[in-house]
Number of protein chains: 2
Amino acid sequence: MSIPAEHRRIAADEVRLPPHALPDGRSGRILHEAIRLFAEYGFHGTSIRDLAEACGIRSATLYAHYPAKEHVLAELVRIGHEVHHSALSAALPGTPPGSAARLAALVRAHVLVFARYPLLAMVANNELHAVSRELAAPSLLLRADAQQMILDTVNLGMDNGAFDVPDPYLALTAIAGMGMRVAHWYGAASHYDPETIADTYATFALRLVGVEA
Amino acid sequence: MSIPAEHRRIAADEVRLPPHALPDGRSGRILHEAIRLFAEYGFHGTSIRDLAEACGIRSATLYAHYPAKEHVLAELVRIGHEVHHSALSAALPGTPPGSAARLAALVRAHVLVFARYPLLAMVANNELHAVSRELAAPSLLLRADAQQMILDTVNLGMDNGAFDVPDPYLALTAIAGMGMRVAHWYGAASHYDPETIADTYATFALRLVGVEA
DNA sequence: GTCTATATGGGGATAGAC
DNA sequence: GTCTATCCCCATATAGAC
């Protein structure tokens, strides 16, 4: 990767994924290489020939696995959003609604996705606009639901006196936004462990909503 | 704009700019339309014909004003980074280094740029990777310097006891990151004033570094 | 500066043999 | 499933008249 780090839109360059996130065989290999290329150059900045070459096959062969270039992206967007939504859903049980513990668990889960799987998260979040409306719809639902989990938590914490924020929606944008940006810088300069980042950001989120932490 | 809001990568759709940020005449008009198109579809997702049509001219005419498509983007990236850097620089005088007042002023300035000029900020920050190394270099210096202003403030505030954070660099990434994301959602749903967002985010930043606010 | 016309290459995608 | 060969269109960019 001869591009200077600060000129790239993502600092990480190794594709990391949850176990079994991609299918085995050629279809999975295509998705794997597409994550790398789409994260680095964007969907429109990557040609079908670039992708084929990275996979060690001819471009025509891609069409035996996916009906169009767009479907490769759509699949990555779907996987990325499912990974994220699952992570947040899994953070709910065992934490009381509207509590500091719940907010911390949600933020930890949120940040861990962006720190552990930065390339996948980048593609899912920054290239979604290049997918057609129909193919993007399921991911948009998952995204809205994930956002609502955090907003509900902030709102309920306000109602029950656990939190104190000037504006719950702005707290949501700030908390969600700082986590999303981790995908861009993770892997640069200092080598932080994803767990460390997640814990620290959870602390930041609690402070942000007025909880001593 | 028939694209559903949540499917777009940017919620705002009106190009807003600081006074005199763009030249007068056709060159300026080209930059103006390029901001809109590059913000919405990305550099590689916008053709030279799309851009010409938006300007009401033929594609060949663009080359009387810019030597190549890339130079149009490079100019926007440069302008965007200069606007941002100027805003942060202007926040320094009158605030003591390493103080809560300085951090608040820097965060206010940072967030205001992304809230007031979301399309320009989006292009400058999300499409920089599509500009050649030579053309991108000056912007990268401005960006590094702006980041250092915030990091110095956090570090000095730690040294002098004004702040208390688990990790200054992570505080920087969190504070800078939440501000940058404003460009994506500003203009959606709730109608916040940029000043309100900036003030609220400044409060969040102070809380984040352990200052009662 | 702007146009029409066009050069030239690369893009996504398909046909058909193996 | 994979290949070679190819279609066809659209991309950036240029030539040259007005």
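Throughout, a chain's letter reflects where its sequence line sits, starting with A, and its residues are numbered from 1.
Residue A/T61 has no polar side-chain atom (N or O) positioned under 4.0 Å from OP1 or OP2 of D/dG1. Remark: B/S47 is not in phosphate contact with D/dC10, judged by side-chain N or O atoms under 4.0 Å from OP1 or OP2.
Using cut-offs of 30° and 60° on the angle between ring planes, the pair A/Y201 and A/W185 is tilted.
Protein atom CZ of B/R26 is 9 Å distant from nucleotide atom C1' of C/dG1, rounded to whole Å. The nearest whole Å value for the distance from the NE2 atom in B/H65 to the C1' atom in C/dT2 is 8 Å. Remark: P of C/dT4 and OH of B/Y63 are 16 Å apart, rounded to the nearest angstrom. The distance from atom CG of B/L51 to atom P of D/dA13 is 12 Å, rounded to the nearest whole Å. Atom P of nucleotide D/dA11 and atom NZ of B/K69 are separated by 9 Å, given to the nearest angstrom. Between A/R49 atom CZ and D/dA11 atom P the separation is 16 Å, expressed in whole Å. Going from atom CD of A/E53 over to atom C1' of D/dC3 covers 16 Å, rounded to whole Å. The distance between atom CZ of B/R58 and atom P of D/dC18, rounded to the nearest whole Å, is 18 Å.
Interatomic distance, CZ of B/F43 versus NE2 of B/H129, reported as 9.5 Å (0.5 Å rounding).
Side chains of B/N125 and B/H84 form no contact here, defined as non-hydrogen atoms less than 4.5 Å apart.
Residue contacts for B/L62: at a heavy-atom cut-off of 4.0 Å it reaches no nucleic acid atom on any strand shown. Nucleic acid contact class of A/S27 (heavy atoms, under 4.0 Å, all strands): none.
The environment of B/E195 atom CD is dense: over 12 non-hydrogen atoms of other residues, nucleotides or ligands sit within 6.0 angstrom.
Which of D/dA13, C/dA15, C/dG1 sits closest to the side chain of B/A64 comes down to C/dG1.
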